[in-house]
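What follows is a short report on a single structure.
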Amino acid sequence: MERVVLVTGASSGVGLALCRRLLEEDGRIHLCIACRNAQKMEATRDLILADYPAAQVSTVEVDLGNLASVLRVARELRCRKVLHMLTTAEGIMTQTDRLNGDGLQEVFATNLFGHFMLVRQLESLLCGNEKPSRLIWTSSSNARESAFSLSDYQHAKGQESYSSSKYATDLTSVVLNRKFNKQGLYSSVVCPGLVMSNMTYRILPVFLWKLLMPIMWLIRFFAKTYTLTPYNGAEAHVWLFKQKPEYLDALVKYHSCTSGLGKSYVDPRKMDVDEEIAEKFYQKLLELEKQTLEKYSDLLD
């Protein structure tokens with residue numbers, strides 16, 4: 001049976017680099033790229049096929065910050081019989097949040113809840129297969145418990161919505177392993193390091209990044225998480241793709257690292273997560289999921 005890989009946020013940055021690296025590792029996979037912009041999605045597919053003309057590349061249009069879009073694409077993927085999933089969870093690098101059309105905090109919905117809903121909708125495809133299925137979430141070294149609160153898990157208050165959503169991602173991955181490992185579904189989280197991508201360029205003007213770049217290359221001799229390029233940032237994703245998920249530690253985050261001389265490698269680090277809080281948070285996600293499904297009952301089978 002062919003291996004099917006779904007990559008979200010595939011039109012740029014780590015997502016696009018990941019697509020290329022996966023095809024370099026195994027040209028026989030069926031690569032499914034997911035983007036919210038149809039034009040960019042088709043351009044990305046053409047770009048990949050130009051370099052890998054024999055590759056099997058399909059597309060799916062989805063806005064993970066829009067729950068109706070998530071439910072539609074889940075139904076489409078079930079029809080396509082997708083069996084394995086790899087997500088990059090590429091979100092919005094911002095400290096200024098707002099409500100989306102579903103009444104949810106935008107960063108929380110895009111970075112975590114949209115993906116969570118997609119996983120739940122594809123549960124019948126991901127569990128109980130002959131070979132294990134895996135989820136790979138892109139977290140961050142900025143995922144901090146201090147930025148997260150169970151009473152405000154969408155982070156409607158405060159200015160650390162990104163950090164909160166990434167810590168929530170870590171919590172979710174831990175619980176998913178507890179709930180679904182026996183059914184053959186495994187979850188891991190990675191940190192791509194500091195990558196210069198379209199998200200990074202939103203923080204400072206491009207010309208400032210260019211001025212800072214020589215300094216950043218020097219810093220990499222001391223800070224191994226300065227991966228800088230999307231290709232290096234995808235190192236942990238690709239490494240996990242090649243591992244047997246049943247032998248991985250569910251409480252470890254896998255960091256993409258690059259030495260000062262440019263050698264890429266993976267650094268496993270124990271996550272600072274409270275498993276009791278993780279379970280309580282999971283129950284809150286299920287409650288929110290129930291409310292969402294009631295709202296969008298017309299999109300369910």
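The shown structure was predicted, so the numbers you read here are calculated from the model rather than taken from an experiment. All values below were derived from every heavy atom in this structure, side-chain atoms included, with hydrogens, water molecules and symmetry-related copies excluded.
- The OG1 atom of Thr292 sits 11.5 Å away from the CG atom of Leu299 when rounded to the nearest 0.5 Å.
- Remark: Gln56 CD to Arg3 CZ distance equals 13.5 Å, nearest 0.5 Å.
- Here Lys280 contributes atom NZ and Tyr153 contributes atom OH; the two are 15.0 Å apart, rounded to the nearest 0.5 Å.
- No side-chain heavy atom of Val195 sits under 4.5 Å from any side-chain heavy atom of Tyr226.
- Linking Ile, Leu, Val, Met, Phe, Trp and Tyr residues whenever their side-chain heavy atoms come within less than 4.5 Å places Leu112 and Leu150 in a single cluster.
- Looking at every heavy atom in both residues, Val70 comes nearest to Leu118 through CG1-N, 3.7 Å.
- Contact record, Tyr186 with Asn181: CD2-ND2, 3.3 Å, taken as the closest heavy-atom pair.
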Evaluation steps, side-chain hydrogen bond (donor to acceptor under 3.5 Å, both in side chains), between Lys224 and Thr258: CA-CA 5 Å; Lys224 55 192 176 182; Thr258 307; over 6 Å; no

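- Under the 4.5 Å side-chain heavy-atom criterion for ILVMFWY residues, no single connected hydrophobic cluster contains both Tyr265 and Leu248.
- Using cut-offs of 30° and 60° for the angle between ring planes, the Phe148 and Tyr167 rings count as tilted.
- Using a 3.5 Å distance cut-off with no hydrogens or angles, the side chains of His255 and Thr225 do not pair a donor with an acceptor.
- Under a 4.0 Å N-O distance rule, the pair Arg120/Glu123 qualifies as a salt bridge.
- Between Thr227 and Asn232, the shortest heavy-atom distance links the atoms O-ND2, 3.1 Å.
- When all heavy atoms of Ser141 and Cys191 are compared, the closest pair comes out as N-SG, 3.3 Å.
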Glu42/Thr59 under side chain to side chain contact (heavy atoms under 4.5 Å, CB included): CA gap, chis, key distance, verdict: CA-CA 8 Å; Glu42 293 304 324; Thr59 60; 3.5 Å; yes

Trace of the side chain to side chain contact (heavy atoms under 4.5 Å, CB included) decision for Lys253 with Val190: CA-CA 5 Å; Lys253 182 181 295 185; Val190 304; 5.8 Å; no

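- The residues Arg269 and Asp267 are annotated as salt-bridged, a charged nitrogen and a carboxylate oxygen being separated by less than 4.0 angstrom.
- The side-chain tip of Arg72 does not point at the ring of Tyr296 from less than 6.0 angstrom away and within 45° of straight on.
- For the residue pair Thr138 and His237, a side-chain donor N or O sits within less than 3.5 Å of a side-chain acceptor on the partner.
- In this structure, Leu171 CG and Asp274 CG are separated by 8.0 Å, a value rounded to the nearest 0.5 Å.
- Under a hydrophobic clustering in which Ile, Leu, Val, Met, Phe, Trp and Tyr are joined whenever their side-chain heavy atoms come within less than 4.5 Å, directly or via other members, Leu67 and Leu286 fall into the same cluster.
- Of the inter-residue distances, the one linking Cys257 atom SG with Lys263 atom NZ reads 12.0 Å to the nearest 0.5 angstrom.
- Around CD of Glu276, the count of heavy atoms belonging to other residues, nucleotides or ligands within 6.0 Å does not exceed 12.
- Side-chain atoms of Ser187 and Asn177 include no donor-acceptor pair closer than 3.5 Å.
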Steps toward side chain to side chain contact (heavy atoms under 4.5 Å, CB included) verdict (Met271, Val252): CA-CA 5 Å; Met271 290 190 289; Val252 164; 6.0 Å; no

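- What you find for Leu285 and Thr172 is that their closest heavy atoms are CD1-OG1, 3.7 Å.
- At a threshold of 4.5 Å between side-chain heavy atoms, the hydrophobic network of Ile, Leu, Val, Met, Phe, Trp and Tyr places Phe113 and Leu135 in one connected group.
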List the atom pairs, donor and acceptor, that lie under 3.5 Å between side-chain atoms in residues 16-26 and the rest of the protein, sequence neighbours left out.
| residue | atom | partner | partner atom | Å |
| --- | --- | --- | --- | --- |
| Arg20 | NH1 | Asp51 | OD2 | 2.4 |
| Arg21 | NH1 | Tyr231 | O | 2.7 |
| Arg21 | NH1 | Glu235 | OE1 | 2.9 |
| Arg21 | NH2 | Glu235 | OE1 | 2.7 |
| Glu24 | OE2 | Tyr52 | OH | 3.1 |
| Asp26 | OD1 | Arg28 | N | 3.0 |
| Asp26 | OD1 | Arg28 | NE | 3.3 |

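- With no hydrogens or angles considered, no side-chain donor-acceptor pair links Glu287 and Gln283 at under 3.5 Å.
- A salt bridge is absent between Arg36 and Glu61: the closest approach of a Lys/Arg side-chain nitrogen to an acidic carboxylate oxygen does not fall below 4.0 angstrom.
- Closest approach of Arg45 to Ile33, counting heavy atoms only: N-CD1, 3.7 Å.
- Ser165 contributes atom OG, which lies 9.0 Å from atom NE2 of His155 (distance to the nearest 0.5 angstrom).
- Atom CD of Glu246 has more than 12 heavy atoms from other residues, nucleotides or ligands within 6.0 Å.
- Summarising the local packing, NZ of Lys295 is surrounded by more than 12 heavy atoms from other residues, nucleotides or ligands at distances under 6.0 Å.
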From CA spacing to verdict: side chain to side chain contact (heavy atoms under 4.5 Å, CB included), His30, Val57: CA-CA 6 Å; His30 183 134; Val57 183; over 6 Å; no

